[in-house]
Protein chains: 2
Amino acid sequence: MTNIKKVSELAGVSTATVSRTLKMPDMVTARTREKVMQAVREAGYRPSWLATSVKTGRTNTIVVLVPNLVNPFFMRIIGGIEQAAQERGFTVLLCDTQGDSKRESDYASMVLTNRADGLIQLDHSFPFSDDDAKLAETIPMVSVCERIHAEKKYPVVSLDNYAASRSLAHHLVSYGHRKFAVIVGQVVSQIHKDRLSGLRSVLAEEEIVFDENMIVGESYSIENGIEGMRQLLEKTQRPTAVICFNDDIAIGAMHEIHRQGLKIPDDISVVGFDNVKVSAFLNPPLTTIDQPAYEMGRRGMELLSDLINTVPLTRSSEMLPFQLLERKSSGPAPV
Amino acid sequence: MTNIKKVSELAGVSTATVSRTLKMPDMVTARTREKVMQAVREAGYRPSWLATSVKTGRTNTIVVLVPNLVNPFFMRIIGGIEQAAQERGFTVLLCDTQGDSKRESDYASMVLTNRADGLIQLDHSFPFSDDDAKLAETIPMVSVCERIHAEKKYPVVSLDNYAASRSLAHHLVSYGHRKFAVIVGQVVSQIHKDRLSGLRSVLAEEEIVFDENMIVGESYSIENGIEGMRQLLEKTQRPTAVICFNDDIAIGAMHEIHRQGLKIPDDISVVGFDNVKVSAFLNPPLTTIDQPAYEMGRRGMELLSDLINTVPLTRSSEMLPFQLLERKSSGPAPV
DNA sequence: TGTTAAATTGTAATCGATTACAATTTGATG
DNA sequence: CATCAAATTGTAATCGATTACAATTTAACA
């Protein structure tokens with residue numbers, strides 16, 4: 001391994017001069033700079049990131065906890081994080097937690113072991129134990145999407161799920177729908193509560209009765225969409241409008257509707273959340289809520305960077321705007 | 001920060017004893033072990049990963065270069081890599097190169113700066129320059145999928161693209177198709193060549209004339225599928241069977257076919273490669289080649305681990321088996 | 001040319017661990 | 001109880017950088 005000592009000998013200077021040449025070139029004469037750079041090239045020298053980090057106490061790395069890397073929605077967020085990270089000289093360490101809480105604390109503790117400077121949480125389960133809660137207070141941390149605990153000790157960048165849900169409900173009500181159903185994802189979460197109460201508020205205003213049995217589902221997956229739709233279609237009173245809590249669920253729901261020989265949107269309207277790429281190219285294209293995922297990621301990274309550099313934060317939580325994309329999977333209620 | 005010194009003082013022993021207690025507990029008496037562990041708990045001490053790594057010269061981290069994190073096919077590979085990595089005590093650093101060659105060398109050079117121990121390449125563009133080629137020879141590196149250079153200096157885990165392509169062609173020929181078209185992805189690659197020659201070989205055997213103008217496309221994206229299909233449908237002689245070089249392209253192609261009011265598979269059969277999750281839930285479900293992505297990732301990580309630990313490799317290259325999944329997007333040729 | 005301040009370079013401590021080697025303690029044995 | 005080997009613990013060097021401080025060189029000015 002070529003280290004700084006070897007280079008310093010090659011150039012006939014001290015290690016300090018080599019270090020300075022590379023980190024603050026203005027501090028050395030043009031002549032020595034030449035000599036050193038020549039030696040660096042000759043030896044093919046690259047400073048050890050490890051050694052630099054151990055000395056400076058900064059890794060310029062941040063950890064992102066992702067519940068599911070396969071979900072393209074999270075990937076859009078991560079795209080935003082990476083962009084902002086790159087601009088600020090941070091490297092992103094992606095950690096797929098698979099919803100496994102042990103993995104989550106393992107990865108989260110990387111910040112404690114000097115492996116990363118901060119943490120972005122896309123899930124909503126960490127911190128789940130008291131130990132973790134203590135941990136969360138001592139490390140720079142930002143949540144993008146939501147967090148479950150009421151007393152937020154760290155900044156949160158999220159969507160206005162309540163308003164987004166109302167927007168979808170209004171859209172469907174305006175098409176004359178009165179028989180609603182919902183296929184939900186993970187139940188224990190703020191997202192879940194906000195979206196449900198958004199829907200309920202619109203239905204109450206419109207004086208539409210909502211059958212609580214029309215809430216089914218338990219995870220953000222295609223399979224859950226299929227199973228949820230199957231359950232809904234078994235009911236005596238078939239719904240005419242189904243709100244899916246993400247696009248994967250909607251894809252599954254649409255698949256099951258087609259399988260049973262029904263038509264979208266003629267028989268049933270289906271809407272989703274997230275606007276993943278493929279949703280625009282389904283048959284029919286899916287009506288959904290476009291979340292500003294990229295922007296959320298960007299903003300989350302900006303906040304985290306400020307936290308790490310102990311820049312005082314102006315606001316601790318932010319809500320970004322959404323957009324209702326009306327496509328062909330929703331239409332007039334059947335007569 | 002609580003460091004080993006503080007703990008050693010708390011426990012009334014030397015730093016060496018603390019280190020030994022944590023790394024080789026058998027070397028210390030039960031009594032001192034107790035004392036030290038108590039102090040560790042009390043101080044909430046965690047050894048600095050940075051310091052440990054700089055001393056041992058091992059980071060137990062590997063870098064994975066991914067052309068596009070949003071593609072679920074790559075994510076399946078990464079799932080396999082992560083599994084094998086975890087079993088061997090490695091952490092995976094995911095790098096989305098976006099096809100940007102500068103980013104690629106940047107990330108690749110992490111291995112040179114003691115930031116990672118090895119590299120897995122999912123793309124086929126690195127190493128592209130001579131500098132990189134030299135780099136590739138000095139660091140532990142494995143390619144999962146393919147590499148472009150002929151003289152392979154490192155192990156490759158891939159699919160038998162030639163055979164897979166033949167399998168699709170046979171499937172379509174058996175349905176009576178004689179007018180073929182192809183929508184390709186990235187052109188400059190071994191994958192491209194192998195798949196094309198696989199198709200050609202079957203058509204030659206079956207004495208079917210292949211019109212070279214029926215090859216369109218330039219990238220592995222939904223948009224490219226749409227545009228490619230648009231071009232194909234403009235031709236005077238419409239194809240009855242379209243082979244897409246990945247499922248994203250197929251999704252775009254199907255979307256365009258539907259948009260023009262044609263039916264799948266009645267008018268045109270569409271097939272893909274990869275078997276991404278959503279392909280089974282499209283309308284109609286997509287006939288495709290299932291690549292053992294997870295297994296490819298696993299195997300790649302196993303090979304890399306052996307390289308890093310300088311275990312002699314038994315084989316340098318491996319081809320894993322594929323499976324043709326016949327679904328509803330392909331059927332008898334129209335009469 | 002001599003004096004002094006500024007710019008450049010070198011020496012050595014430091015970051016937080018690990019580990020070779022030395023020192024000490026323990027325990028077995030006669 | 002003395003002796004010696006084995007087990008345990010401590011001291012200090014080390015990994016590869018950075019940086020405070022000291023030493024030296026350069027430049028400016030009288």
Side-chain angles (χ1 to χ4, degrees), chain A residues 1-40 43-61 89 91 109-117, chain B residues 1-40 43-61 89 91 109-117:
Chain A
M1 206 56 206
T2 60
N3 52 18
I4 199 170
K5 191 130 168 279
K6 210 166 286 177
V7 174
S8 74
E9 283 162 6
L10 244 168
V13 297
S14 72
T15 61
T17 303
V18 175
S19 179
R20 281 192 279 253
T21 307
L22 294 171
K23 295 289 144 68
M24 322 125 113
D26 296 339
M27 277 194 68
V28 300
T29 355
R31 255 177 47 111
T32 49
R33 194 161 44 223
E34 286 281 298
K35 270 195 306 186
V36 172
M37 293 312 283
Q38 175 58 31
V40 166
Y45 169 71
R46 309 259 208 148
S48 162
W49 173 84
L50 278 176
T52 305
S53 296
V54 88
K55 190 75 221 310
T56 61
R58 282 279 300 262
T59 62
N60 293 318
T61 302
T91 301
S109 69
M110 284 184 165
V111 185
L112 291 180
T113 57
N114 288 347
R115 184 140 194 197
D117 300 334
Chain B
M1 206 57 204
T2 59
N3 51 19
I4 200 170
K5 190 130 168 278
K6 209 167 286 176
V7 173
S8 74
E9 283 161 7
L10 244 169
V13 297
S14 72
T15 62
T17 304
V18 175
S19 179
R20 282 192 279 254
T21 308
L22 295 171
K23 295 286 145 70
M24 322 125 115
D26 296 340
M27 276 195 68
V28 301
T29 0
R31 254 178 47 111
T32 48
R33 194 161 44 221
E34 287 281 298
K35 271 195 304 184
V36 172
M37 293 312 283
Q38 174 59 29
V40 166
Y45 169 71
R46 309 260 208 146
S48 162
W49 173 84
L50 277 178
T52 304
S53 296
V54 88
K55 190 77 222 307
T56 60
R58 282 279 299 260
T59 63
N60 293 319
T61 302
T91 301
S109 69
M110 285 184 164
V111 184
L112 290 180
T113 57
N114 289 348
R115 184 141 193 196
D117 300 334

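Each chain gets a letter, A, B and so on, in the order the sequences are listed, and its residues count up from 1. The structure displayed is predicted, hence computed values, not measured ones. The figures here come from the full heavy-atom set of this structure, side chains too, leaving out hydrogens, waters and symmetry mates.
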Would you mind building the protein contact string for nucleotides 5-13 of chain D? One character per nucleotide, 5' to 3', B for base within reach (heavy atoms under 4.0 Å), S for sugar-phosphate only, - for untouched. ---SBBB--
Partner residues of B:M37 under the side-chain contact (heavy atoms from CB on, under 4.5 Å) criterion, sequence neighbours left out: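 Only B:T21, B:L22, B:R33, B:R41 meet the side-chain contact (heavy atoms from CB on, under 4.5 Å) criterion with B:M37.
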Looking only at non-hydrogen atoms, find the nearest pair between [X] and [Y] and report the distance.
X: A:W49; Y: B:N114; value: CE3-O, 4.1 Å
X: A:G89; Y: A:N60; value: O-CB, 3.5 Å
X: A:T29; Y: A:T32; value: O-OG1, 3.0 Å

Between B:L50 and B:M24, which has a closest nucleotide on DNA chain C that is more 5'?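 Its nearest nucleotide being more 5', the pick is B:L50.
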Bend angle of the helix from C:dT1-D:dA30 to C:dG30-D:dC1, from helix axes over five pairs at each end, nearest 10°: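 Computed from the C1' atoms at both ends, the axes differ by 40°.
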Residues two or more places apart in sequence or in another chain: which of them pass side chain to side chain donor-acceptor pair (under 3.5 Å) with A:R20?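 Residues passing side chain to side chain donor-acceptor pair (under 3.5 Å) with A:R20: none at all.
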Not counting sequence neighbours, which residues clear side chain to side chain donor-acceptor pair (under 3.5 Å) with B:D117? List them please.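 For B:D117 the side chain to side chain donor-acceptor pair (under 3.5 Å) partners, ignoring immediate neighbours, are B:R58, B:T59.
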Would you indicate, yes or no, if C:dT18 has its OP1 or OP2 atom less than 4.0 angstrom from a side-chain nitrogen or oxygen of B:K23?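 Checking C:dT18 against B:K23, a side-chain N or O does come within under 4.0 Å of OP1 or OP2.
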Does atom CD of A:E34 have more than 12 heavy-atom neighbours from other groups under 6.0 Å away?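 12 or below, so no.
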Sorted by first residue and then second, give each side chain to side chain donor-acceptor pair (under 3.5 Å) pair with at least one member in residues 2-15 of chain A; sequence neighbours left out.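 Residue pairs with at least one partner in residues 2-15 of chain A: A:S14-A:T17.
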